[in-house]
Peer 1: 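Sharing a structure with you now.
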Amino acid sequence: MSPELGEIAPTLVVVEGRRAGERVPLEAGETTVGRDAMSELAFDDEGVSRHHALLIRAADTVTIRDLGSTNGTWVNGRPAHDEIELHPGDTVQVGLAAFTLEGARASAVVSPVPVSTRSPGAAPTPSTPVPAAPAPRRLGRVRVGRVVLVGGLANLIIVGAGVAIQFATDWTGIGTWLAAPLTGMVAALVALMKDAMTRPPEPGPAPPGGVPVPAPGVAAGPPPGATAPTGVVPPPRRRGGVSVAVGLLVAVLVIGGGGVLVTYAVATVSGFITGNQVGVDRLQNAPVVVDSSGVVTTVERVEHTADFTRVELTVRNGLANTITLPLYGNATLSAEDGTTLVADGFRSSWSDTIPPGQLRRGTIVFTGHLPDAGTVATLSFATVFEQGFTGPQSIAVGGLEIAPFDG
């Protein structure tokens, strides 16, 4: 055994693939390489066969032999047709995984000494090997369909949450709607950068006068003039996709801009169906309180929305018996000029029955609007249904000063 091997044990350093960065000491004897989980050096990467190759450490040498793998074993960009001895710094490619050898015998093969033109009797001068410059690290191409899918799903999830909230409550805020396209765009950008960093990049430029330098994670094919053996093909390369710049443009325009349009459309439809539209409060003298024989009604807001008028109120039942205040055909909002709006029971958030001593809070939605010029309005319940013999027969909250609406 050479001193070098005894001093520094051979180590395999994984440079590409899912195990990139790992260091694996190479034990004496045989080490199997493959996708099989029982392999001493297992790689779960694309293009790796179950039983791909065999590493043999014997005495002061390390060799590798392909085991008839589908995509072949490549050493320093050349196919390993037979058993090949490895040297420090050699790179072995199996599918989309690659590893280098460190710490083995430093020089098993002596580089030939080129003989230059020299005077008779002059000793030949060995040439100094020039190490190849490493390929520049470049981002891989991204799958724009994946970016759109991830961003679109994130957008739809937030939009769906907004719709569910509107149908379950009388919420009219815009926070969830604003968050939807923003969340979708952020999710798309995260998916884009993850795809760009994990997919194999395109090949780098060729060095001067030489063989093209393969990009990290992409196995090099045979050099010009070389022919791969029958049945052995280079490891597969992932192609297709678009550049990162195009992916960013898609994330901003399609997910950001498109998400805003989709969210606006859904919010508009959802707001019209539920009646939960954002509006302007026109009640100038809020709150307006009326005590009708022990039933205290307080009108807190009269909002003008795109399609409706929303009245927020509370009713406290001070009677000894339960009362019922239905909306359909019973609740109206009328103005001095005779404009009368009828309550929409489907869109309103209101509980008809109020037990003794209880306070009921809700929002009654009326289809249409009060006059834009401003007016004095009255909220009325034509009939109060009582489970007893005391209480008002009807409720009228007048004197609602409605401010002009300028659109």
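These numbers come from the heavy atoms of this one structure, side chains and all, not from hydrogens, waters or symmetry mates. Keep in mind the model is a prediction, meaning the values are calculated, not measured. Position 1 is the first residue of the sequence, and the numbers go up from there.
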Peer 1: Both conditions, 6.0 Å and 45 degrees, for the charged tip of Arg347 above the ring of Phe272: are they met here?
Peer 2: yes
Peer 1: Are more than 12 heavy atoms from other residues, nucleotides or ligands located less than 6.0 Å from atom OH of Tyr264?
Peer 2: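 Count not over threshold, so no.
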Peer 1: CG of Asn76 to CG of Asp90: how many Å apart, nearest 0.5 Å?
Peer 2: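 Here the rounded value is 4.5 Å.
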Peer 1: Just verifying a value: how many Å separate Leu341 CG and Thr367 OG1, rounded to the nearest 0.5 Å?
Peer 2: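 So the gap between those two atoms works out to 8.0 Å.
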Peer 1: Does any part of the side chain of Asp307, heavy atoms only, come nearer than 4.5 Å to the side chain of Gln277, both counted from C-beta?
Peer 2: yes
Peer 1: Is there a side-chain contact between Leu370 and Phe405 in this structure, where contact means two heavy atoms from C-beta onward sitting under 4.5 Å apart?
Peer 2: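 A side-chain contact under 4.5 Å is absent here.
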Peer 1: Compare all side-chain heavy atoms of Glu83 with those of Ile56 and state whether any distance is below 4.5 angstrom.
Peer 2: yes
Peer 1: OH of Tyr328: more than 12 outside heavy atoms within 6.0 angstrom?
Peer 2: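 It does not: Tyr328 OH has 12 such atoms or fewer within range.
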Peer 1: So for atom CD1, which belongs to Ile174, do other residues, nucleotides or ligands contribute more than 12 heavy atoms lying within a distance under 6.0 Å?
Peer 2: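 Atom CD1 in Ile174 is not crowded, with 12 or fewer foreign heavy atoms closer than 6.0 Å.
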Peer 1: Quiz question: by atom type and distance under 3.5 Å, do the side chains of Glu85 and Thr61 form a donor-acceptor pair?
Peer 2: no
Peer 1: Do Leu327 and Phe381 have side chains that get closer than 4.5 Å, going by heavy atoms?
Peer 2: yes
Peer 1: Tell me, do Ile395 and Val290 make a side-chain contact under 4.5 Å, heavy atoms counted?
Peer 2: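 Counting from C-beta outward, Ile395 and Val290 never come under 4.5 Å.
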Peer 1: Determine whether Gln93 and Pro79 make a side-chain contact, defined as any pair of heavy atoms from C-beta on separated by less than 4.5 Å.
Peer 2: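 The answer is no, as the side chains (C-beta and beyond) never meet within the 4.5 Å cut-off.
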Peer 1: Report yes if some heavy atom in the side chain of Val278 is under 4.5 Å from a heavy atom in the side chain of Trp177; otherwise report no.
Peer 2: no
Peer 1: Only one of Asp66, Thr32, Leu67 passes side-chain contact (heavy atoms from CB on, under 4.5 Å) with His52; say which it is.
Peer 2: Asp66
